[in-house]
Amino acid sequence: MPELPEVETVRRGLAPVIEGATFTRVHIRRPDLRKPFPHDMAKRLEGARIIKAGRRSKYLLVETELDTLIWHLGMSGQVRIYVPGDAVPPPAKHDHVQFDLDSGAHIVFTDPRRFGLMDLCPTEELADHPLMKSIGPEPLGNAFSGPILAAALKGKSQSVKQAIMDAKVVCGVGNIYASESLFRAGISPKRKAGTVQGVRAEKLVVAIKEVLSEAIQAGGSTLKDHRTTDGGLGYFQHNFAVYDRAGEACPGCDCDISKTKGIQRLEQGGRSTYYCPRKQR
DNA sequence: CTTTGGGCCTGGACGC
DNA sequence: TGCGTCCAGGCCCAAA
């Protein structure tokens, strides 16, 4: 399910298809996902021209002349794009929302677990929207740096893994990329967040930026023609160093796996963490 | 204020 | 084949 790279991949797939187009019809096939849809969502979008397909954290932001559609893919959300001329199949069980555009394109949102979310907000009030206003720095932006991360972690007693998954510290880092980033930075997921300062914080920031950027690159390669897209993982899962690899050797491992037992899995805050106890301290 | 734990949903993988 | 259990990429909220 979508972490930031997957959401960004979807955004890049959507942008050339929807920017400049106008919603002609919005089909809403159930009253809610994680939260109820705005009661007038279809009415407010139909006839509105799309200015931009944006993203903040893991939220897609479809900006129209008046309102911005705030769109979260949840755990299992997928977006399919049908360009003009494509046949749109009849709605499947979990196809909850469909957008028809004046260009003849169609966008279908599928979300079996229904942890996704859609809301509307007048564009000029977006920054004050409850879902937007307490989000921390974008991991790929210049405002996310070693000193900024160190300051955000200072005094925190929780684990660094849980801390970097807190969107107020840095947004967009989910369960997979938290493990991957910590491995790359050589930092134990169990380390107390407050002790990640100075060079460690700098290394972690670099690792997060690299891991997310590489994942976006890999995701982008799966939709070269920008015809279809989905909320899946692209090809990056083949590049996971530690995630879901308990018992395996980590990349570049030179220890005796029969003795060290390789990559370890542990549970933090009810979520799985994967790490190498020898390389991460 | 920070931190933890439960809850929201369905489906797929696995063991018996 | 079926049934139960566990697990899954996110996030909010109540409670401590």
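Numbered from 1 within each chain, the chains take letters A, B, ... in sequence-line order. Hydrogens, waters and symmetry mates are skipped; everything else that's a heavy atom, side chains included, is used.
Sorted by first then second residue, the salt bridge (Lys or Arg N to Asp or Glu O under 4.0 Å) pairs that include residues 111-125 of chain A, not counting sequence neighbours, number zero. Listed by first and then second residue, the ring-ring contact (aromatic ring centres under 6.0 Å, His included) pairs involving residues 104-152 of chain A are A:Trp71-A:Phe109 (not counting sequence neighbours). Within the structure, side-chain hydrogen bond (donor to acceptor under 3.5 Å, both in side chains) pairs that include any residue of residues 131-149 of chain A comprise A:Arg55-A:Glu138, A:Arg56-A:Glu138 (at least two apart or interchain).
Residues A:Glu3 and A:Lys58 are not paired through a salt bridge, judged by the lack of any N-O separation under 4.0 Å between the basic side chain and the carboxylate. Looking at A:Arg30 and A:Asp32, a side-chain N of the basic residue comes within less than 4.0 Å of a carboxylate O on the acidic one, giving a salt bridge. One finds no salt bridge joining A:Glu63 and A:Arg49 here, because no Lys/Arg side-chain nitrogen approaches an Asp/Glu carboxylate oxygen to under 4.0 Å.
Rounded to an integer number of Å, the gap from OH of A:Tyr243 to C1' of C:dA8 is 7 Å. Protein atom CG of A:Leu131 is 10 Å distant from nucleotide atom C1' of C:dC12, rounded to whole Å. One interatomic measurement links the two molecules: CZ of A:Arg271 to C1' of C:dC7, which rounds to 11 Å at whole-angstrom precision. Rounded to an integer number of Å, the gap from A:Gln162 CD to C:dG10 C1' is 14 Å. One can place CE of A:Met75 at 10 Å from C1' of C:dC7, the figure rounded to the nearest angstrom. Residue A:His94 contributes atom NE2, which lies 15 Å from atom C1' of C:dA8 at whole-angstrom precision. In this structure, A:Asp111 atom CG and C:dC11 atom P are separated by 13 Å, rounded to whole Å. Taking atom CG of A:Leu73 as the reference point, atom C1' of C:dC11 lies 13 Å away to the nearest angstrom.
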For this session: Let me have DNA chain C in dot-bracket notation, would you? Count Watson-Crick plus G-U wobble pairs, both distances under 3.5 Å, and use [ ] for pairs crossing earlier ones and | for inter-strand partners.
Result: .|||||||.|||||||

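As judged by a 4.0 angstrom heavy-atom cut-off over every strand, A:Lys93 is placed among residues touching the sugar-phosphate backbone only. Among the atoms of the strands shown, none is found under 4.0 Å from any heavy atom of A:Ile135.
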For this session: May I have the step-by-step check of side chain to side chain contact (heavy atoms under 4.5 Å, CB included) for A:Lys192 and A:Lys156, ending in yes or no?
Result: CA-CA 7 Å; A:Lys192 191 175 149 184; A:Lys156 280 196 177 289; over 6 Å; no

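Considering only residues two or more places apart in sequence or on other chains, A:Arg265 meets the side-chain contact (heavy atoms from CB on, under 4.5 Å) condition with A:Ala246, A:Glu267, A:Ser272, A:Tyr274.
The residue among A:Arg113 and A:Pro130 whose nearest nucleotide of DNA chain C is located toward the 5' end is A:Arg113.
Bracketed by its first and final contacts, the part of DNA chain B lying under 4.0 Å from non-hydrogen atoms of chain A reaches from B:dT3 to B:dG11 in 5' to 3' order.
Checked by atom type, the side-chain pair A:Thr110/A:Asp95 shows a donor-acceptor distance below 3.5 Å.
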